[in-house]
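What follows is a set of notes on a single structure, which appears directly below.
Below, each value reflects all heavy atoms present in this structure, side chains not excepted, and no hydrogens, waters or symmetry copies. As the structure is a prediction and not an experimental result, all values here were calculated from the model. Proteins get letters first, then strands, A, B, ... in listed order; numbering begins at 1 in each.
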2 protein chains.
Amino acid sequence: MVHERVTEIEHDNSLDKVEQILQGAMHEFLVHGYAGTSMDRVAASAGVSKATVYSYFQDKPGLFKALVEKLAQQRFYSIFGTEPLEGDPKIVLRRLITKALNQMLKDEEFRAFKRVVIGESGRFPELAQLCIVCLIKPTIETLKSYLTSHAELKIPDPEATARILVGSLVHYVMTQEMMHGKEIIPMESDR
Amino acid sequence: MVHERVTEIEHDNSLDKVEQILQGAMHEFLVHGYAGTSMDRVAASAGVSKATVYSYFQDKPGLFKALVEKLAQQRFYSIFGTEPLEGDPKIVLRRLITKALNQMLKDEEFRAFKRVVIGESGRFPELAQLCIVCLIKPTIETLKSYLTSHAELKIPDPEATARILVGSLVHYVMTQEMMHGKEIIPMESDR
DNA sequence: GTCTATATGGCGATAGAC
DNA sequence: GTCTATCGCCATATAGAC
């Protein structure tokens, strides 16, 4: 009772090809940056020919934009599909912070992504804005509404506090990612 | 009663040439990034020939490193040749913060510098470390010792507090630099 | 649809005139 | 010391075979 016969066994692998190319593009762009990456190497890393890359993506900027958009959405879902964010405030906040820190410190790919987006934010401002709208803003908003809904914490300005928290963590990771580890900051002093 | 005659009126302009090249290199590298900058354009922007550039600097990475080192030292002196950092804590801290914020928000060149250093921190880690040692670490250390010497602020962990402060400000500037201004954060809630 | 081969131009770096 | 001219090489992008 099949509607269409199986005349095309593995026909619709176009999406796989796109995914395959984006995979290779990610590998190259995140390591060598935008200008430092050649379409030849993207094609080689993806296991296809250069002409195939150009048949699925208009040009180099187009491929780069498609990649960053995909990664931003990916990160967005990986962040907000995890925590219920409810319970005793002190414990929840502490768990949230340590989890975010460990994830950022462990995830080399995420740091490379951030590096590229920041480095290219002058030439691709719309991609930087996309990353803020998809990643940073929701994080701050979530934290803010959590802090607001817990009046017992006596926080006068939840939005400012949320921004301070996020900014401290991100900047901490960014400095630690660049220089040698140095000593680890004692985490018992944020709130 | 001059020791040496004026046989060489404007002879020693080698240093001027170096400065001239570094000026052109700054203009190009900060706008187009490392890989996006060609030595031809550096030479054109500096008003010399490409061969002259190569007579003063070994190669492209050498020129880039020399430029970043110069800019890092420059920024270092421009930061620590200003404030005495003494007086009533509340007022001093507030003035310091607003001043740092306004300076960062106004100085486009500084943000471009930070962008390039972060973007290239994977391929030039020693330059990123240099910028941390010359710029971020002294800032945190100065703040820390100031907070420590004012016991009346009752700050349990001065180093952590200093890092939080710096991280918040830098991250605030970085997000505002990328997206549209959005609303300004109310600054009455850091301490 | 996907490949190989190629057109066209810019790149880093240098040789040699002056 | 500084320039012009040039050498290889690699880049983006496309044409045409299959």
Side-chain angles (χ1 to χ4, degrees), chain A residues 4 6-68 116 119-120 123-124 127, chain B residues 6-68 116 119-120 122-124 127:
Chain A
E4 291 275 18
V6 210
T7 50
E8 348 175 302
I9 296 183
E10 57 172 21
H11 176 64
D12 202 351
N13 52 1
S14 318
L15 293 176
D16 293 329
K17 269 281 165 58
V18 168
E19 197 58 35
Q20 201 176 327
I21 294 172
L22 285 173
Q23 191 72 22
M26 184 184 76
H27 204 247
E28 296 299 319
F29 279 127
L30 291 193
V31 172
H32 301 101
Y34 174 75
T37 293
S38 72
M39 296 297 264
D40 290 78
R41 291 173 58 166
V42 168
S45 176
V48 298
S49 80
K50 201 165 44 167
T52 304
V53 175
Y54 277 98
S55 78
Y56 286 99
F57 299 92
Q58 195 185 14
D59 50 13
K60 195 184 174 187
L63 174 61
F64 183 63
K65 288 173 191 171
L67 172 70
V68 172
V116 172
E120 299 299 330
R123 289 166 292 275
F124 296 92
L127 294 183
Chain B
V6 208
T7 49
E8 349 176 301
I9 294 183
E10 56 172 21
H11 176 63
D12 201 351
N13 54 358
S14 318
L15 293 176
D16 292 329
K17 269 283 165 56
V18 169
E19 197 58 34
Q20 200 176 328
I21 294 171
L22 285 174
Q23 191 72 22
M26 184 182 74
H27 206 244
E28 296 299 318
F29 278 126
L30 291 194
V31 172
H32 301 101
Y34 175 75
T37 294
S38 71
M39 296 297 264
D40 289 78
R41 291 174 59 168
V42 167
S45 176
V48 298
S49 78
K50 199 163 50 165
T52 304
V53 175
Y54 277 98
S55 77
Y56 285 98
F57 299 92
Q58 196 185 13
D59 51 12
K60 195 183 174 187
L63 174 60
F64 183 64
K65 288 174 191 170
L67 173 70
V68 172
V116 172
E120 300 299 330
R123 288 165 291 277
F124 296 92
L127 295 182

Write out a two-atom table: protein N or O, nucleotide N or O from nucleotides 7-9 of chain C, distance below 3.5 Å.
none

Of D:dA13, D:dC3, C:dT4, the nucleotide closest to the side chain of A:Asp59 is D:dA13
Of the candidates C:dC3, C:dG12, D:dC3, the side chain of A:Val48 sits closest to C:dC3
Would you sort out whether B:Phe29 and B:Leu67 count as a side chain to side chain contact (heavy atoms under 4.5 Å, CB included), showing the intermediate values?
CA-CA 9 Å; B:Phe29 278 126; B:Leu67 173 70; 3.7 Å; yes
**Q.** Any donor-acceptor N/O pair, A:Lys65 side chain to A:Phe124 backbone, under 3.5 Å
**A.** no
When you measure from the centre of the six-membered ring of B:Tyr34, is the NZ or CZ of B:Lys60 under 6.0 Å away and within 45° of the axis?
yes
Separation of D:dA13 atom P from A:Tyr56 atom OH, nearest Å, is 19 Å
Any side-chain heavy-atom pair from A:Lys17 and A:Gln20 closer than 4.5 angstrom? yes
Short side-chain N/O contact from A:Thr52 to OP1 or OP2 of C:dT2, under 4.0 Å
no
Residues A:Ala35 and B:Gly36: closest non-hydrogen pair is CB-N, 3.7 Å
Inset, instruction - Would you indicate whether the side-chain heavy atoms of A:Leu63 and A:Ile21 approach each other to under 4.5 Å? - result: yes
Margin query: Could you tell me if the side chain of A:Thr37 sits less than 4.5 Å from the side chain of A:Phe64, heavy atoms only?
Written below: no
Between CZ of B:Phe57 and C1' of C:dG12 the distance, given in whole Å, is 16 Å
From OH of A:Tyr54 across to P of C:dA5 the rounded distance in Å is 19 Å
Taken to the nearest whole Å, CD/A:Gln20 to C1'/C:dT2 is 12 Å
Separation of C:dA13 atom C1' from B:Gln58 atom CD, nearest Å, is 12 Å
#### Entry: D:dG1 phosphate, OP1 or OP2, under 4.0 Å from B:Lys17 side-chain N/O
no
Whole-Å distance, B:Leu63 CG to C:dG12 C1', equals 12 Å
B:Phe64 CZ to C:dG12 C1', in whole Å, measures 16 Å
Tightest non-hydrogen contact, residues B:Asp40 and B:Lys50, listed as OD1-NZ, 3.2 Å
In terms of heavy-atom contacts, B:Glu28 and B:Ser45 come closest through OE2-CB, 3.6 Å
Between B:Arg123 and A:His32 the two heavy atoms that sit nearest each other are NH1-C, 3.2 Å
Contact check, residues 22-33 of chain A vs DNA chain D, heavy-atom distance under 4.0 Å, returns none
Closest heavy-atom pair, A:Ala43 versus A:Ser49, reported as atoms and distance to 0.1 Å, is CB-C, 3.7 Å
Sorted by number, residues from residues 34-44 of chain A placing a heavy atom under 4.0 Å from DNA chain D are A:Thr37, A:Ser38, A:Met39, A:Asp40
